[in-house]
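Numbers here are sequence positions counted from 1. Whatever order the structure lists them in is the order used to number ligands and atoms, beginning at 1.
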Amino acid sequence: MPRQRRRALLLAAAIISAGIPNAVLAQIRYDPQSKIFRLSGGRSEYDFGIDEQGYLRPVYWGSQLDPTAPLSIPALPPSKPPVLASMEPSSSVTAQEYPGQGGGIVTEPGIKIAFPDGNRDLVLKYRSHKIFGDTLTIELADISRPLTVTLRYTVDPVTGIIGRSAEAHNRGTVPVRIDQIAAATMTLPYEPDYRLAYLAGRWLGEFGLQQQPVGPALTILESRRGSTSNHMAPWFAIDRAGTTGEESGPVWFGTLAWSGSWRISVGADVLGRVRIAGGYNPYDFRWQLRAGESLDTPIFYIGYSDDGMGGASRLQHRFQIARILPGNGRPKLRPVLYNSWEATEFAVDENGQAALAEKAARIGVERFVMDDGWFGKRDDDHAGLGDWTPSKSKFPNGLGPLISKVHKLGMEFGLWVEPEMVNPNSDLYRAHPDWVMNFAGRPRTESRNQLILNLARTDVRDHILKALDDLLTTNDIQYLKWDNNRNFTEPGWPEQTAEDQQRLYVEYTRNLYYILAELKKRHPEVEIESCSSGGGRVDLGIMRYTNQVWTSDNTDAFDRLIIQDGFTHAFTPAVMMAWTTDTPNFATGRSADLTYRFLSAMQGGLGVGNNLNKWSDQDFATATRMIADYKTIRATIQTGSLYRLARPDSSRPTSDTLYVANDKKQAVLFHMLQNYRARDNLPAIQLPGLDPDRRYKVRVLGGGDLPPGVPAVAAGSWWMSQGVVLPLSSDFKGIGLVLEE
Ligand code: DGJ
């Protein structure tokens with residue numbers, strides 16, 4: 001069979017198994033007659049074209065159209081009736097695919113520059129394009145000056161998600177200052193009821209789903225902190241308030257693959273068209289682009305679903321698993337881990353950790369992780385960061401004996417590190433006080449008693465890489481929890497020229513990726529978790545190099561359902577780690593039984609963070625059962641299709657989440673009670689996504705009798721239309737049902 005045909009068949013099989021019916025393969029077509037580019041993949045399509053004046057103009061973004069449908073570049077807004085007047089010259093109301101700031105643009109530009117002679121007028125027009133497989137590149141050039149921008153579009157055939165980025169090239173002989181550069185800008189035609197969704201929060205409360213109408217006021221989603229941030233995630237979704245529901249209606253979404261300062265802006269222009277731009281945050285940004293140099297942006301992944309927020313989430317999950325996570329489309333399933341941070345904090349030592357490891361092994365833990373406190377003079381958060389050698393008092397014989405013990409118990413060994421940071425009270429800082437970000441002669445603001453190493457410097461980058469490489473070479477470690485507990489202040493780089501100092505924002509993140517990539521290359525078996533005081537560094541940039549993320553430091557099982565609900569709008573449960581911990585919870589004071597805590601933590605990658613020294617026999621028995629059962633469902637949880645049947649907001653009595661395996665042979669329902677009132681009648685829960693013609697038998701997760709009225713076996717169609725009624729006795733109780741063919 002010819003190679004191309006074989007590839008097409010393989011892709012078709014992938015699309016069908018991904019549960020995306022009626023999809024066609026990715027296609028990038030250019031019609032020289034209409035001068036329109038049509039990018040299609042999965043069930044969506046994104047079109048733009050070249051107008052008579054050579055501007056690149058948006059045409060269409062939505063569900064796939066008939067390929068023969070005639071498309072045209074939208075006409076320029078009419079001057080009659082006279083709605084536009086002289087205040088809006090046609091250049092300011094002509095939506096462009098990627099505008100330079102110049103020629104009358106008053107909306108967010110793709111790129112804003114300044115030449116040394118003070119000229120700040122950049123007018124970009126089409127020059128050429130290339131189509132290569134699933135990728136289209138377009139070169140835009142200024143109308144007179146030697147500055148060009150390459151736009152890149154890569155279409156994922158299965159989900160239709162398009163990776164967009166831009167690269168500016170200085171083809172002249174003098175430097176050009178870039179003040180702002182987006183990866184992509186998009187336009188949606190006027191509709192009266194667009195609604196923006198985004199994820200915002202803070203430490204202990206990341207990923208809160210916010211929704212607001214899209215209007216003329218520009219909404220800025222951003223991080224100015226040098227890192228992704230606990231405050232906002234680099235993600236947006238726009239739906240139609242009148243039409244879109246959880247499982248139906250249009251949703252346009254996008255997410256930036258960048259772990260430094262980022263910005264996404266959304267707002268309607270004077271004609272009500274919605275303009276979206278995303279890329280490097282222009283706040284404190286400046287890049288002196290020397291003659292012959294180029295500057296590349298991160299990738300903005302954009303997509304469209306007809307199947308509501310649920311459909312949009314599932315597309316993103318599928319895409320991240322197939323295209324972003326390490327593992328070439330087949331990321332390893334998350335092992336069950338144990339971490340004693342909440343139980344012991346910094347009080348780790350060989351005997352204490354060994355005792356916990358024995359108990360963890362008994363309940364079926366697969367990876368034992370030692371958190372903060374094992375190195376240098378680290379007895380609390382005042383000292384030691386930067387000195388990545390085992391504490392002599394806590395580990396007199398190094399880490400070797402503990403690691404062998406953990407391995408003998410049949411578990412992998414993992415270790416906590418925070419490589420980008422330094423305590424002033426450390427040998428590293430005493431030797432290299434100049435290695436931290438700072439403005440010469442100015443105060444260095446400490447947060448959690450630590451400063452940030454200036455990773456933009458290559459000597460600092462190489463030092464960190466060596467320290468971690470040594471650690472992994474001398475010890476048999478399978479996993480690093482890479483923490484990052486503060487954001488930028490005084491982002492100075494005194495060794496650089498004034499013009500180049502602000503490169504720090506980009507170079508820092510690039511070097512972070514460099515270290516992660518290099519460690520993966522040198523130690524391919526080592527897995528890494530991205531942690532940043534909880535979920536402060538979760539984005540598709542870092543997810544390329546890390547196998548899992550720490551979702552939040554808030555381990556309260558109910559709060560966590562809300563955090564996980566927001567998280568899964570944008571990110572796959574395949575990376576979303578959660579631990580059971582002790583009650584009352586340290587953050588909320590709330591208590592819940594251990595089964596509820598397990599059912600909450602099992603909805604992503606499962607971890608245990610309890611003080612096992614305090615557990616009763618019954619706790620050990622519950623944990624052993626739940627962990628054993630988790631291993632039978634984790635593939636479905638981590639790589640299946642997620643349905644949010646009832647979201648865990650506190651106005652509803654229950655939270656119901658369903659995960660269905662890709663082959664539909666298994667489904668897992670989590671039913672959790674949170675705000676029950678005696679007058680509430682709990683409705684039957686219908687289970688979508690099953691195969692109506694197969695028969696499914698059901699069991700209770702972790703064992704136990706089926707609730708009355710739930711049949712032991714029934715056809716998929718029964719579960720889908722009749723559903724199950726699951727009575728529970730009180731708040732913060734839950735039940736999990738596993739359906740199997
Ligand atoms: C913040 C992390 O989010 C916690 O899980 C823990 O690792 C601490 N840092 C350790 O300092």
Does the pair E527/R334 count as a salt bridge with the N-to-O cut at 4.0 Å? yes

Counting heavy atoms only, which of N230, T555, D553, D371 comes nearest to atom 3 (O) of ligand 1? D553

Quick one: does I627's side chain get under 4.5 Å of D629's, heavy atoms only? no

Within 4.0 Å of some non-hydrogen atom of W550, the atoms of ligand 1 are 3 (O), 5 (O)

Under 4.0 Å between heavy atoms, the region of K481 that gets near ligand 1 turns out to be side chain

Please write down residue, atom name and distance for the protein heavy atom closest to atom 11 (O) of ligand 1. D372 OD2, 2.6 Å

Regarding ligand 1, does C531 bring an N or O atom to under 3.5 Å of one of the ligand's N or O atoms? no

Sub-3.5 Å N/O-N/O distance, R448 and ligand 1: yes

Measure from the side-chain N and O atoms of K631 to the backbone N and O of G364, and report whether any donor-acceptor pair falls under 3.5 Å. yes

List the closest protein heavy-atom neighbour of atom 9 (N) of ligand 1: residue, atom name, distance to the nearest 0.1 Å. D483 OD2, 2.7 Å

Side chain, backbone, both or neither: which part of N339 comes within less than 4.0 Å of ligand 1 when only heavy atoms are counted? neither

All side chain to side chain donor-acceptor pair (under 3.5 Å) counterparts of Y283, not counting sequence neighbours: none

Taking NZ, NE, NH1 and NH2 as the nitrogens, is one of them in D387 or K377 under 4.0 Å from a carboxylate oxygen of the other? no

Passing option when W579 is tested against F598, Y338, W550 for ring-ring contact (aromatic ring centres under 6.0 Å, His included): W550

